[in-house]
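A quick write-up on the structure given underneath.
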Amino acid sequence: MDIQSIGVIGAGVMGEGLCQVLAQAGIRVYLLDINPQALEKVRNNFIKNLRLQMMLNQNLSNESPQDILERVTFTTDYTLLSNVDYVIENVTEKWDIKKEVFIKLDNICPKQCVFASNTSAIPIDTIASVTERKDKVIGLHFMNPVPLKQSVEMIRGPQTSQETIDVSKSLLSKMNKQWILVNDSPGFVSNRVLMLTINEAICLLEEQVASAEDIDRVFKTCFSYKMGPLETADLIGLDTILLSIEVLHDNFKSEKYEPCALLEKMVKDGHLGRKSGKGFYNY
């Protein structure tokens, strides 16, 4: 399948980054969100982000930012996805919400359309179970910020076909992305490990073993990490971190995935990291 058009569901940070990279790759993008203000924010940021990327010599293009923007349709209307070749979903990590999105997509998108979920932790088999195209459902776990990250965690569900995997590899090649193919499991490889690390780092802070700065400094100076676990949590969003850990806890029924009380409090207080201006650090 030669992918000409893609629906991107969710105009948050990940959706914005995906929209940019896909449009740069010459693909027609339909960016869909139920919130018109979120769509307008992406539209306003689009050219500014492209110009900055070009200044940094990242994925240089002979096209102008305006030409690339013209390949993007911003919409709240699911029916515009009735002819797309591929969909990438990026909505919140709440199963009740994701479930309704995929049921709606399954009824609207053409039968040959592939569904990819950019989920942080929900198993691909769970997502595929609410569709009539279980062989065409796959996980594509992009990392933030999407335009700057080279690799994608590709998750093969129990019923994902080889054709779906091949089509997805072809798409990622167009996007200049590498991939690591893994089998389905809650949290997959990246977040099954990362969420435990972040949660434990938050527990260390809560127990006053070390400051946020020193916890992160251990990882950056001792292990050569570019960011420490608490900085990473602020970048991802503490609400997303909490939802992902809760998904892991619900699936594995293990105490090791019990969310730290400090994380729950910070989310309740609206201290979500970079997106809110305050998390473990102030922004």
For Met14, does its backbone N or O pair with a side-chain atom of Asn90 as donor and acceptor, under 3.5 Å? no
Would a single hydrophobic cluster contain both Val193 and Leu196, if residues Ile, Leu, Val, Met, Phe, Trp and Tyr are joined by side-chain heavy-atom contacts under 4.5 Å? no
Is Ser170 reaching over with its side chain to a backbone N or O of Asp166, donor-acceptor style, under 3.5 angstrom? no
Would you check, one step at a time, whether the test side chain to side chain contact (heavy atoms under 4.5 Å, CB included) holds for Asn144 with Leu235? CA-CA 8 Å; Asn144 186 31; Leu235 176 64; 3.7 Å; yes
Main-chain N/O of Ala116 paired with Tyr86 side-chain donor or acceptor, under 3.5 Å: no
Are any side-chain N or O atoms of Lys136 and backbone N or O atoms of Gln112, one a donor and one an acceptor, separated by less than 3.5 Å? no
For Gly237 against Lys275, the heavy-atom pair lying closest together: CA-CE, 3.9 Å
Can you name the nearest heavy-atom pair linking Leu105 to Arg133, along with the distance? O-NH2, 4.4 Å
Shortest non-hydrogen contact from Met154 toward Leu140: CG-CD2, 3.9 Å
Minimum heavy-atom separation for Val91 and Lys98, please, with both atom names. O-NZ, 3.0 Å
Give a yes or no answer on whether the side chain of Lys177 reaches the backbone of Lys149 with a donor-acceptor pair at less than 3.5 Å. yes
Return the set of residues passing side chain to side chain donor-acceptor pair (under 3.5 Å) with Thr164 (not counting sequence neighbours), or none when no residue passes. Ser161
Phe115 vs Glu89 side-chain heavy atoms within contact, under 4.5 Å: no
Test your reading of the model: is there a side-chain donor-acceptor pair from Glu231 to the backbone of Gly228, 3.5 Å cut-off? yes
Is any side-chain N of the basic residue among Lys265 and Asp269 closer than 4.0 Å to the acidic one's carboxylate O? yes
Do Thr119 and Glu93 touch side chain to side chain, with heavy atoms closer than 4.5 Å? yes
NZ/NE/NH1/NH2 to OD/OE distance under 4.0 Å, Asp96 and Lys99: no
Considering only heavy atoms from C-beta outward, does the side chain of Asp214 approach that of Arg217 to under 4.5 Å? yes
Check against side chain to side chain contact (heavy atoms under 4.5 Å, CB included), Ile122 and Ser117: CA-CA 9 Å; Ile122 296 172; Ser117 178; over 6 Å; no
Pairwise side-chain contact, Gln66 with Glu70, heavy-atom cut-off 4.5 Å (strictly under): yes
Lys/Arg N to Asp/Glu carboxylate O, Lys174 vs Asp2, below 4.0 Å: yes
Given the rule that I, L, V, M, F, W and Y join up when any side-chain heavy atoms are under 4.5 Å apart, are Leu171 and Leu81 in one cluster? no
Short side-chain to backbone donor-acceptor contact, Asp125 and Gly157, under 3.5 Å: no
Using side-chain heavy atoms (C-beta onward) and a distance below 4.5 Å, is Leu238 in contact with Phe280? yes
In the structure I gave you, are the side-chain heavy atoms of Trp179 and Lys169 within less than 4.5 Å of one another anywhere? yes
Pair Ile124-Ile138, side chain to side chain contact (heavy atoms under 4.5 Å, CB included): steps then yes or no: CA-CA 6 Å; Ile124 303 307; Ile138 193 167; 5.5 Å; no
Would you call Leu181 and Arg156 a side-chain contact if the rule is heavy atoms closer than 4.5 Å? yes
Consider only side-chain heavy atoms of I, L, V, M, F, W and Y, link residues closer than 4.5 Å, and tell whether Trp95 and Ile245 are in one cluster. no
Test your reading of the model: is there a side-chain donor-acceptor pair from Asn199 to the backbone of Cys260, 3.5 Å cut-off? yes
Mutual orientation of the aromatic rings belonging to Phe223 and Tyr225 [parallel < 30°, tilted 30-60°, perpendicular > 60°]: tilted
Side chains of Asn191 and Glu153: do they bring a donor and an acceptor to under 3.5 Å? no
Counting distance only, does the side-chain N/O of Asp33 pair as donor-acceptor with the main-chain N or O of Leu39 below 3.5 Å? no
To the nearest 0.5 angstrom, please state how far the CE atom of Met1 sits from the OG atom of Ser168. 9.5 Å
Can you see which heavy atom on Glu206 is nearest to which on Leu262, and at what distance? OE2-N, 3.2 Å
Could you tell me which residues satisfy side chain to side chain donor-acceptor pair (under 3.5 Å) with Thr79, sequence neighbours excluded, listed by chain and number? Asp77
Lys41 side-chain N/O to Ala11 backbone N/O, donor-acceptor pair under 3.5 Å: no
Whether Phe74 and Phe46 hold their rings parallel, tilted or perpendicular, with breakpoints at 30° and 60°: perpendicular
Determine, using the 4.5 Å side-chain heavy-atom cutoff (strictly less than), whether Phe252 and Leu242 are members of one ILVMFWY cluster. yes
Are Tyr78 and Asn107 side-chain neighbours, meaning at least one heavy-atom pair lies under 4.5 Å? no
What heavy-atom pair brings Thr232 and Ile198 nearest, and what distance separates the two atoms? CG2-CD1, 4.3 Å
Shared ILVMFWY cluster between Leu31 and Leu22, side chains joined below 4.5 angstrom? yes
